[in-house]
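Heavy-atom basis, side chains included; hydrogens, waters and symmetry copies ignored. This chain uses plain numbering: 1 for the first residue, then up along the sequence.
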Amino acid sequence: QVQLVESGGGSVQAGGSLRLSCAASGITYSRYCMGWFRQIPRKEREGVATIDDDGRTSYADSVKGRFTVSRDNAKNILYLQMNNLSPEDTAMYYCTAGPRAWWNACPTAEKLNYWGQGTQVTVSS
């Protein structure tokens, strides 16, 4: 059974940094995507970043140049390094995972099959 557990959220001032972690277990797919999406109250879920089993990444325009997604395949840990945070980044961040066909790129993170419970990121002015 796939389990995803996020950590690393918290409160920071604008311009600060956080690194989110997602400990994954139970993933049996040989080809799979992992990623992050965020949920802002009263707004649609927004895919933030994805990374596939070959290390290919994709980012939302709103975070390009500021966020970096990476994974430690040996430890099954997904990371999201978030730099130059702004209040617009305040949201609940969810780790996700799901299979991919070998010929397909990863979908946006909110479309992946498995979600974690989320970790709150709050950025103050």
If Ile, Leu, Val, Met, Phe, Trp and Tyr residues are connected whenever their side-chain heavy atoms lie under 4.5 Å apart, and connections chain through other members, are [X] and [Y] in the same group?
X      : Y      : answer
Val123 : Tyr93  : yes
Phe37  : Val121 : no
Leu20  : Val63  : yes
Tyr114 : Ile27  : yes

So which heavy atom on [X] is nearest to which on [Y], and how close?
X      : Y      : result
Ile40  : Thr90  : CG1-O, 3.6 Å
Arg100 : Asn104 : NH1-O, 3.1 Å
Met34  : Ala97  : CG-CB, 4.1 Å
Gly26  : Val2   : O-CG2, 3.6 Å
Leu112 : Pro107 : CD2-CG, 3.6 Å
Ala24  : Leu4   : CB-CD2, 3.6 Å

Return a table of donor-acceptor pairs under 3.5 angstrom between the side chains of residues 72-80 and protein atoms on other chains or two or more places apart.
from: Asp72; atom 1: OD1; to: Ala74; atom 2: N; distance (Å): 3.1
from: Asp72; atom 1: OD1; to: Lys75; atom 2: N; distance (Å): 3.1
from: Asn73; atom 1: OD1; to: Arg71; atom 2: NE; distance (Å): 3.0

Got a donor-acceptor contact below 3.5 angstrom from the [X] side chain to the [Y] backbone?
X      : Y     : result
Gln117 : Val5  : no
Thr119 : Ser7  : no
Arg66  : Asn84 : yes

[X] [atom1] to [Y] [atom2] distance, which is reported to the nearest 0.5 Å:
X      : Y     : atom1 : atom2 : answer
Gln3   : Ser25 : CD    : OG    : 4.5 Å
Thr122 : Gln13 : OG1   : CD    : 13.0 Å
Asn113 : Cys33 : CG    : SG    : 9.5 Å

Legend entry - All side chain to side chain contact (heavy atoms under 4.5 Å, CB included) counterparts of Asn83, not counting sequence neighbours: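 Listed in chain order: Ser17, Gln81.
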Inset, instruction - For residues Leu18 and Phe67, determine if any side-chain heavy atom of one lies less than 4.5 Å from a side-chain heavy atom of the other. - result: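 No - every pair of side-chain heavy atoms lies 4.5 Å or more apart.
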N/O donor to acceptor pairs below 3.5 angstrom from side-chain atoms of residues 44-52, sequence neighbours left out:
from: Arg45; atom 1: NE; to: Gln39; atom 2: OE1; distance (Å): 3.3
from: Glu46; atom 1: OE1; to: Arg38; atom 2: NE; distance (Å): 2.7
from: Glu46; atom 1: OE1; to: Arg38; atom 2: NH2; distance (Å): 3.0
from: Glu46; atom 1: OE2; to: Ser62; atom 2: OG; distance (Å): 2.9
from: Asp52; atom 1: OD1; to: Asp54; atom 2: N; distance (Å): 2.9
from: Asp52; atom 1: OD1; to: Gly55; atom 2: N; distance (Å): 3.0
from: Asp52; atom 1: OD1; to: Arg56; atom 2: N; distance (Å): 2.9
from: Asp52; atom 1: OD2; to: Arg56; atom 2: NE; distance (Å): 2.8
from: Asp52; atom 1: OD2; to: Arg56; atom 2: NH2; distance (Å): 2.9

